[in-house]
Amino acid sequence: MPNHPLEDIFHPQSIAVVGASTNPNSQGHSFTRQLIHHGFRGKIYPVNPKYGDILGLKTYPSILEIPGTLDYVISCVPANQVLELLDACSRKRVKAVHLYTARFSETGHREASELEHAVLETAKRLGIRLIGPNCMGLYLPGEGISFAYDLPREAGSAGLISQTGGGAAVFVNIASMRGIRFSKVISYGNGLDLDESDYLDYLSQDPETRVIAMYVEGVKNGRRFFTSLKRAAAVKPVVVTKGGRGRSGANAAASHTASMAGFYQTWETGVVQAGAVVARSLEEMTDLVVSFYFFPPIPGARVGITGGGGGPSVLAADACEEAGLEVVPLP
C-alpha cells in the first residue's frame, strides 16, 4: 500500500516530542521514554527550551532547530500553543502531528471549541494531518512506537481503532494475555481531522492487518462511516464496540471525546447490516477478536454441540439459536 495517503503516518523515520520533560510523571517524559524502550529505529528529538538533555537524548529548544527532516510530531504542549506549533511544523515539512494536547471541544467551552476549529483550519491550510486532539496516538509495535510501557513489543495482525486511549491500552493488555498481537493501534480522541472512517479505510487495505476491532463513542459522518464499515467488513472481520449506549454513557462520552452518542438500536442494526460484528464490552470484543484471529474462516451457520453435562449443553444450544445459528442434532 505504498500509495495510500496515510501510509507515511504509520512509518515515520523521525519523531519529535514537543513538551518533553525530565519529570517522570509527565506525558512528555512518558512518550519519549516509550520510544526508547520499544526500540524506535528512527531519530528521536525531545523538544523543550528548559532542558539540554532528556533521557540521554539531546534536547532542542524548538523543532526549527532540529537538523534534517522531521516526519512526525507528538504535541504535549498546552492548547494555546498548538497554532504556533503547527506553523513551525509547516516550516519543517512535518507530515503529521499527534495532539495529545487536550482542553478543546470536549470541555464544552465555546472558546475551546473555537480554538479547535482554528487548529483544524490551520492544519488544512498548511497540509498537516492531525491525530486527535485529546488522545494517546499510535501504538505500532513493528515500528517501535508505543504510548504505554506495558504493551507488547511483538507485532501481530490485529488492528484497533479507538476513541479512548485508556480503553485502548486496557484492550491491548486483555487481548495480549490471550495471545493477540497488534499491527496498528490508533487512539484518535476527538477525531478533529482524521477520524474513524479514515482509519477504517486504511486498515481495510493494510496487508499487515487481518482483523479489525473498533471502540467508538460517536461518528463524524454516519453515512460515510457505514459505507467504510461495509467495505471493510467485506474483506476482513470487523468487531465494533460502542460506548455511550445509554443516557449516562452518552453524557460521559460527550465530556470524554466530544462525541454525541446516537440511538443504540439504530446503531446496532446499521453495524450488522454492514456485515460487522457487535460487541457489548471490551471483554466480549476480546473473545470475538480471539476467534477471528486464531480460527479459520467459518463458511456456514450450522453448529454441533457436545458437552459433559446436560444443562450447559442446553444453554449453549439456546445461545447459538438466539445468535442466528442452526444447531444440528447429533446422532
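- Side chains of Glu116 and Ser105: a donor on one and an acceptor on the other come within 3.5 Å.
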For this session: Report the C-alpha separation of Asp71 and Arg93 in whole Å, then their side-chain angles, then the decisive distance to 0.1 Å, and conclude whether the salt bridge (charged side-chain N to carboxylate O under 4.0 Å, His left out) test is met.
Result: CA-CA 7 Å; Asp71 295 330; Arg93 301 185 182 276; over 6 Å; no
For this session: Show your working on salt bridge (charged side-chain N to carboxylate O under 4.0 Å, His left out) between Glu121 and Arg125 and close with a plain yes or no.
Result: CA-CA 6 Å; Glu121 292 303 308; Arg125 176 172 53 83; over 6 Å; no
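- In this structure, Arg210 forms a cation-pi arrangement with Tyr293, its terminal cationic atom sitting closer than 6.0 Å to the ring centre and no more than 45° off the ring axis.
- Checked against the 6.0 Å centroid threshold, Tyr100 and Phe31 count as a close aromatic pair.
- With no hydrogens or angles considered, a side-chain donor-acceptor pair links Asp201 and Ser228 at under 3.5 Å.
- The closest donor-acceptor contact from the side chain of Thr107 to the backbone of Arg103 lies at 3.5 Å or more, if one exists at all.
- Residues Thr209 and Ser183 bring a donor and an acceptor atom of their side chains to less than 3.5 Å of each other.
- Outside the 6.0 Å centre-distance limit, the rings of Tyr149 and His38 are not counted as a close aromatic pair.
- A parallel orientation is assigned to the rings of Trp267 and Phe225, their planes being inclined by less than 30° (bins at 30° and 60°).
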For this session: Any chance you could lay out the salt bridge (charged side-chain N to carboxylate O under 4.0 Å, His left out) test for Glu208 and Lys184, step after step, and finish with the verdict?
Result: CA-CA 8 Å; Glu208 297 178 348; Lys184 298 171 178 71; 2.5 Å; yes
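- Within a 6.0 Å sphere centred on NZ of Lys92, heavy atoms belonging to other residues, nucleotides or ligands number more than 12.
- Tested against Phe292, the residues Ile298, Val239, Val238 include a single side chain to side chain contact (heavy atoms under 4.5 Å, CB included) partner, Val239.
- At a threshold of 4.5 Å between non-hydrogen side-chain atoms, the residues Leu194 and Tyr188 do not count as touching.
- Side chains of Gln13 and Tyr72: a donor-acceptor N/O pair is absent below 3.5 angstrom, by distance only.
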